[in-house]
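Everything numeric in this text was worked out from a predicted model, so none of it was measured. Order of listing sets the numbers, starting from 1, for every ligand and every atom in it.
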Amino acid sequence: MAAPSSSLLKKQENQELDWLEWLRGWSRLLSEGLFQKIKAKHLPRKYPLPQLSGLSCMVTGATSGIGLEIGRQLAESGAHVVMAVRNPKAAHQIIEKWNDRQPNSRLLNVDVMEINLLSLESVVKFAESWNSSMKPLHVLINNAGIFSMGEPQKFSRDGYETHLQVNHLAPALLSVLLLPSLQRGAPSRIVNVNSLMNVVGFVDPNDMNFFSGKRKFTSLRAYSGSKLAQVMFTSILARNIPQGIDVLCVEPGSVRTNVARDLSKVVQIAYQCMPSFLFDAQQGSRSALFAAIDPDIPKFCGKLKAEKLAVCAYFSYSCRPIKPAKAAYNEKTSDLVWEKTLDMVGLPSDAVEKLLEGKEIHCRYGSSL
Ligand SMILES: NC(=O)c1ccc[n+]([C@@H]2O[C@H](COP(=O)([O-])OP(=O)(O)OC[C@H]3O[C@@H](n4cnc5c(N)ncnc54)[C@H](OP(=O)(O)O)[C@@H]3O)[C@@H](O)[C@H]2O)c1
């Protein structure tokens with residue numbers, strides 16, 4: 001029998017490595033699920049926030065779960081909070097409840113703005129509206145996300161797979177378009193609420209939309225892939241923006257929220273019955289609040305940038321730096337994900353530079369910005 005060629009061996013070796021990495025990823029996920037409460041024991045249940053008056057913080061998906069908790073705590077600490085939500089009515093009802101709980105009838109400084117991440121046109125309109133106010137933005141928290149577990153493949157009206165659009169494309173577009181406001185608010189931050197599921201994710205930059213049929217679609221693949229794509233894009237964004245704006249990812253842990261709304265009834269009941277392992281939303285909001293407010297974050301991000309590390313800063317549910325998926329260290333793939341993402345969201349390849357120089361750009365999903 002002929003000896004296998006070296007390229008075949010290399011291919012086999014790579015596949016084996018990927019497979020091993022995937023297994024390692026699942027064991028990391030299992031250990032998080034089982035031991036997160038022990039590993040985060042050093043943290044108080046509620047993240048201790050300082051007085052935040054004068055700070056403008058925007059939170060997507062602030063009507064439920066982790067985002068609702070992030071919004072409430074920032075507002076109660078005195079920040080101006082913009083709830084960026086698809087259901088403004090629900091947001092106004094939430095604010096009413098928050099205000100009812102305030103001592104001395106003090107009203108919280110909260111605004112509601114409508115955004116539907118399933119529509120890139122809506123994202124552009126939202127960003128245009130905020131940017132035109134010329135107000136500075138200090139913190140953008142890209143929290144909204146979906147995990148339609150077990151559901152068949154669905155596409156947005158823009159033609160993109162829905163996990164990819166809500167969890168990666170729309171937040172990427174929002175982050176880039178809001179750069180002028182974040183520059184005005186510098187030192188400022190973009191915090192992406194990612195997921196440790198990125199460690200079992202796979203991104204094919206030539207098939208981010210699961211269209212080619214090369215890989216079978218499952219919601220798990222789509223979710224984990226969208227979160228990995230977000231880490232890759234964030235790493236290149238961090239490299240391309242000047243000091244003063246930090247961009248990073250966090251994972252909240254396994255948290256009891258409405259994220260399981262699409263699960264079957266049986267799995268939902270099992271999920272809700274795991275309180276001893278799961279965080280509640282308050283515990284799940286700690287890493288995002290830490291990343292948004294901790295004064296040492298710029299130093300940490302600056303150090304990573306100076307070391308020219310391939311990946312962005314990434315913090316775990318216990319507010320400690322962790323490594324994302326090994327695949328996220330592949331700069332060539334991350335560069336491709338960056339290029340494809342800008343193309344998919346209708347931005348020119350030099351959008352970041354132009355926006356930071358105060359120049360106008362054109363987005364396919366809206367007018368000139
Ligand atoms: N829970 C976990 O265990 C866990 C683990 C790892 C990562 N995460 C991440 O944490 C983030 C928050 O999730 P969660 O657990 O708090 O889930 P959740 O309770 O389902 O909250 C998700 C939020 O996103 C909003 N949203 C969904 N689709 C949207 C769209 N098209 N446009 C605008 N907003 C939209 C929802 O709005 P509506 O209220 O209108 O539906 C809701 O406010 C997500 O990015 C998720 O991937 C969660």
Could you check whether S226 and H168, counting side-chain N and O atoms only, form a donor-acceptor pair closer than 3.5 Å? no

May I ask you to check if ligand 1 and V85 share an N or O to N or O distance below 3.5 Å? no

Joint hydrophobic cluster, L182 plus M113, side-chain heavy atoms closer than 4.5 Å: yes

Donor-acceptor side-chain pairing of N194 and Y314 below 3.5 angstrom: yes

Would you say the side-chain atoms of S254 and E32 include a donor-acceptor pair closer than 3.5 Å? yes

Proximity of F147 to ligand 1 by residue part, where a heavy atom lies under 4.0 Å: neither

Taking NZ, NE, NH1 and NH2 as the nitrogens, is one of them in E251 or K227 under 4.0 Å from a carboxylate oxygen of the other? no

Could you tell me whether some N/O pair between S254 and ligand 1 is separated by less than 3.5 angstrom? no

In plain terms, say whether R239 and E331 are close enough for a salt bridge, that is, a side-chain N and a carboxylate O under 4.0 Å apart. yes

Geometry only, no angles: is V166 polar-contacting ligand 1 at N/O separations under 3.5 Å? no

Salt bridge present between E121 and K125 (N-O < 4.0 angstrom): yes

Applying ring-ring contact (aromatic ring centres under 6.0 Å, His included) to F202 and not counting sequence neighbours gives none

Only heavy atoms of V193, strictly under 4.0 Å: list the atoms of ligand 1 that pass. 9 (C), 10 (O), 11 (C), 45 (O)

Would you say N131 and S181 are linked by a side-chain donor-acceptor pair, where the criterion is simply a distance under 3.5 Å? yes

Residues which pass side chain to side chain contact (heavy atoms under 4.5 Å, CB included) with S212, listed by chain and number, not counting sequence neighbours: D207, K214

Checking contacts here: is it the side chain or the backbone of L196 that comes within 4.0 Å of ligand 1, counting heavy atoms only? Could be both or neither. neither

Quick check: are there more than 12 heavy atoms from other residues, nucleotides or ligands sitting under 6.0 Å from CZ of R157? no

List every atom of ligand 1 that sits less than 4.0 Å from any heavy atom of I66, numbering the atoms from 1 in the order shown and giving each element. 10 (O), 15 (O), 16 (O), 48 (C)

Which is closest to atom 30 (C) of ligand 1 in terms of heavy atoms, N116, I94, V250? N116

Which of the numbered atoms in ligand 1 are under 4.0 angstrom from any heavy atom belonging to N258? 19 (O), 20 (O)

Out of N194, V59, N192, who gets a non-hydrogen atom closest to atom 7 (C) of ligand 1? N194

Under 4.0 Å from any heavy atom of G145, which atoms of ligand 1 are there? 22 (C), 24 (O), 27 (C), 44 (C), 45 (O)

Nearest option to atom 5 (C) of ligand 1, as decided by whichever heavy atom of A170, G253, A288, A91 sits closest: G253

Can you tell me which portion of P252 lies within the under-4.0 Å heavy-atom range of ligand 1? Options are side chain, backbone, both, or neither. side chain

Check ion pair K303-D296 (N to O, under 4.0 angstrom): no

Hey, are N87 and T63 close enough side-chain-wise for a donor-acceptor pair under 3.5 Å? no

For I146, is at least one N or O under 3.5 Å away from an N or O on ligand 1? no

Counting only heavy atoms closer than 4.0 Å, does ligand 1 sit against the backbone of K227, its side chain, both, or neither? side chain

Considering the heavy atoms of G65, write down every atom of ligand 1 situated less than 4.0 Å from one of them. 16 (O), 19 (O)

State whether the shortest distance between N or O atoms of N87 and N or O atoms of ligand 1 falls below 3.5 angstrom. no

Under 3.5 Å between any N/O of S195 and any N/O of ligand 1: does that happen in this structure? no

Does some non-hydrogen atom of F279 fall short of 4.0 Å from ligand 1? no

Under 4.0 Å from any heavy atom of I115, which atoms of ligand 1 are there? 32 (N), 33 (C)

Which of the atoms of ligand 1 are close to G61, meaning less than 4.0 Å from one of its heavy atoms? 23 (C), 24 (O), 25 (C), 43 (O)

Is it the case that ligand 1 has an N or O less than 3.5 angstrom from some N or O of G67? no

